[in-house]
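Please read the structure below before turning to the comments.
Computed from a predicted model, the values in this text were never measured in an experiment.
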Amino acid sequence: MDTYMYKCPNCGSGLEYNAKTHIFHCDYCLSDFTADELEERKQKNVEKLNEEKKAKEESEFEEHAVLYTCPSCGAEIITDENTAATFCYYCHNPVILSGRLSGDLEPGYIIPFKIDKDEAKKRFFEWVKGKRFVPDDFVNENSVEKMCGVYFPYWLTDCKVSGTYTASAKNLRVWIAGDLEYTETKVYDIRRGGTIDFDNIKNFAMKDERMKLATAVQPFDDKDIEKFKMSYLSGFMAEKRNIESEEMTETVQQQVKDYSAKLLEETVSGYNMLSDKKIRADIISSKWDYILLPVWVLTYNSGGKTYYYALNGQTGKTVGELPVSKRKVAFLGIGVFLLFFIIVVAIGGFLLW
């Protein structure tokens, strides 16, 4: 009799396979199994392990993510328990530890930082180089040290869209024969239609002034999208979203309508005139994911206004709004005035001489 050794799913002991009866038998717990039963149990164990792994990852986020709140500007900043968030990166006021996160706030995806803080600071100094009227305390080492790596929250949407495009078109041809001018008009009905797949439409998931910061440094390269892991937050901060996907539906519908219209209209050519254009785009299906995108941020408050410098933490794109030192501008004005005064006095003295 041929025998093969397998592990018993009940007790872990070896199983013996009887080639005649096609039964796997355990001598320790006296269990019998068919090959199909063993395969079914194996599949259930794999599914169970996958569920346990997913649950562990979700509990890891809730267990290790902490929430800081700025009492001044209301910012809610998420980071890991090992990252000390002592001040608000946006308004520079102290922040307060609010406690653990709760609810469905774990991101599904993330684009990790590719540019570290030293490189971000270097690019900042290159950006301000030659700008003479920037306040000294905006560009000194202590201020620049407060530059923060912040993950901004976005909704990532995939859509399948049914699009239709209709229009009236005309082609005109004019020619002269003898003393007569002839005009030929050909009229066409234009119809276009089809399904279009849109991937990774990104919309900022916050309702405040940080939108200017977050959108100015776009675009991001989708090739670096990773499944979210808590370890990516270590040493960085993340803004807490305050817009849910349901609130973003109309925005996405308008976006895909505009995109679809452009794509369909690009297929129409060879006509002198187009009129009565009608476009329709209906979302057949959609998939929403929550994603964090990396930005280096340095802010500066002056005269009740917040100025900012932002650097895309993946691509290096730089944007910003520079403050102007009134003192430096005043000194320049005084210097120009004195120079003008000296020249006038010198010319006057020369004429008198």
Side-chain angles (χ1 to χ4, degrees), residues 70 73-79 83 85 87-92 107-131 134 138-139 143-157 198-226 228 232-243 248 251-252 255 258-259 289-302 305-323:
C70 176
C73 70
E76 292 185 302
I77 303 163
I78 302 166
T79 186
T83 301
F87 67 92
C88 174
Y89 79 90
Y90 195 78
C91 70
H92 295 181
Y109 296 92
I110 191 170
I111 293 181
F113 277 88
K114 295 183 71 175
I115 295 174
D116 63 18
K117 187 168 186 175
D118 288 340
E119 178 64 21
K121 289 165 61 178
K122 176 184 173 184
R123 296 192 184 202
F124 169 76
F125 285 118
E126 290 174 351
W127 184 66
V128 297
K129 186 177 180 181
K131 297 176 172 65
V134 177
F138 179 63
V139 294
S143 293
V144 178
E145 192 58 37
K146 290 184 178 181
M147 184 182 296
C148 291
V150 183
Y151 284 107
F152 281 106
Y154 280 77
W155 283 111
L156 192 68
T157 314
F198 294 101
D199 295 328
N200 297 342
I201 300 172
K202 300 178 186 69
N203 283 287
F204 190 50
M206 295 185 68
K207 292 178 181 176
D208 60 22
E209 68 278 1
R210 289 163 184 77
M211 179 179 289
K212 183 178 180 181
L213 268 177
T215 56
V217 294
Q218 290 195 56
F220 291 85
D221 193 337
D222 293 341
K223 67 180 177 60
D224 290 327
I225 291 178
E226 303 275 356
F228 176 80
Y232 286 128
L233 284 189
S234 184
F236 299 101
M237 300 178 185
E239 282 276 16
K240 180 183 172 185
R241 75 171 190 257
N242 57 24
I243 297 179
M248 198 68 71
T251 299
V252 172
Q255 287 172 336
D258 294 341
Y259 298 154
D289 286 301
Y290 183 35
I291 187 171
L292 298 178
L293 302 179
V295 182
W296 285 104
V297 178
L298 178 64
T299 58
Y300 178 81
N301 297 313
S302 176
K305 181 177 178 180
T306 300
Y307 299 88
Y308 70 90
Y309 165 82
L311 174 77
N312 186 311
Q314 178 203 26
T315 67
K317 180 180 176 181
T318 300
V319 295
E321 184 180 3
L322 286 173

Close side-chain approach of [X] and [Y], heavy atoms under 4.5 Å:
X      : Y      : result
Tyr232 : Tyr151 : yes
Ile225 : Asn200 : yes
Met248 : Thr157 : no
Val144 : Phe125 : yes
Glu126 : Thr318 : no
Leu233 : Phe228 : yes
Tyr290 : Trp155 : yes

Nearest heavy-atom pair of [X] and [Y]: which atoms, and what distance?
X      : Y      : value
Met206 : Arg241 : CG-CA, 4.3 Å
Tyr308 : Val319 : CE1-CG2, 4.2 Å
Pro112 : Asp224 : CD-O, 3.6 Å

Problem - Criterion ring pair (Phe, Tyr, Trp, His ring centres under 6.0 Å) on Tyr154 and Phe204, from CA distance to verdict - result: CA-CA 4 Å; Tyr154 280 77; Phe204 190 50; 5.4 Å; yes
Can you tell me how far [atom2] of [Y] sits from [atom1] of [X], rounded to the nearest 0.5 angstrom?
X      : Y      : atom1 : atom2 : value
Ile111 : Gln314 : CD1   : CD    : 4.5 Å
Glu145 : Leu298 : CD    : CG    : 10.5 Å
Arg123 : Ile115 : CZ    : CD1   : 4.0 Å
Glu239 : Ile78  : CD    : CD1   : 8.5 Å
Gln218 : Thr315 : CD    : OG1   : 10.0 Å
Leu293 : Asn312 : CG    : CG    : 8.5 Å

Practice task
Could you go through the side-chain contact (heavy atoms from CB on, under 4.5 Å) check for Val295 and Phe220 one step at a time?
Solution key: CA-CA 10 Å; Val295 182; Phe220 291 85; 4.2 Å; yes
Exercise for the section: Say whether, by atom type as modelled, one donor and one acceptor occur between the side chain of Lys146 and the main chain of Thr299 under 3.5 angstrom. Expected result: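 Answer holds: no.
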Handout entry: Donor-acceptor under 3.5 Å (Lys317 side chain, Ala216 main chain)
Key =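 The answer is yes, because a donor-acceptor pair under 3.5 Å joins these two groups.
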Practice task
Please check if any side-chain donor atom of Asn242 sits under 3.5 Å from a side-chain acceptor atom of Glu76, or the reverse.
Solution key: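 Their side chains do not contain a donor-acceptor pair, so the 3.5 Å distance test is not met.
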Practice task
Starting from the C-alpha separation in whole Å, work towards a yes-or-no answer on side-chain contact (heavy atoms from CB on, under 4.5 Å) for Ile291 and Asp289.
Solution key: CA-CA 6 Å; Ile291 187 171; Asp289 286 301; 5.9 Å; no
Handout entry: Parallel, tilted or perpendicular: rings of Phe113 and Phe236 (30°, 60°)
Key =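 Taking Phe113 first and then Phe236, their aromatic rings lie parallel (interplane angle under 30°).
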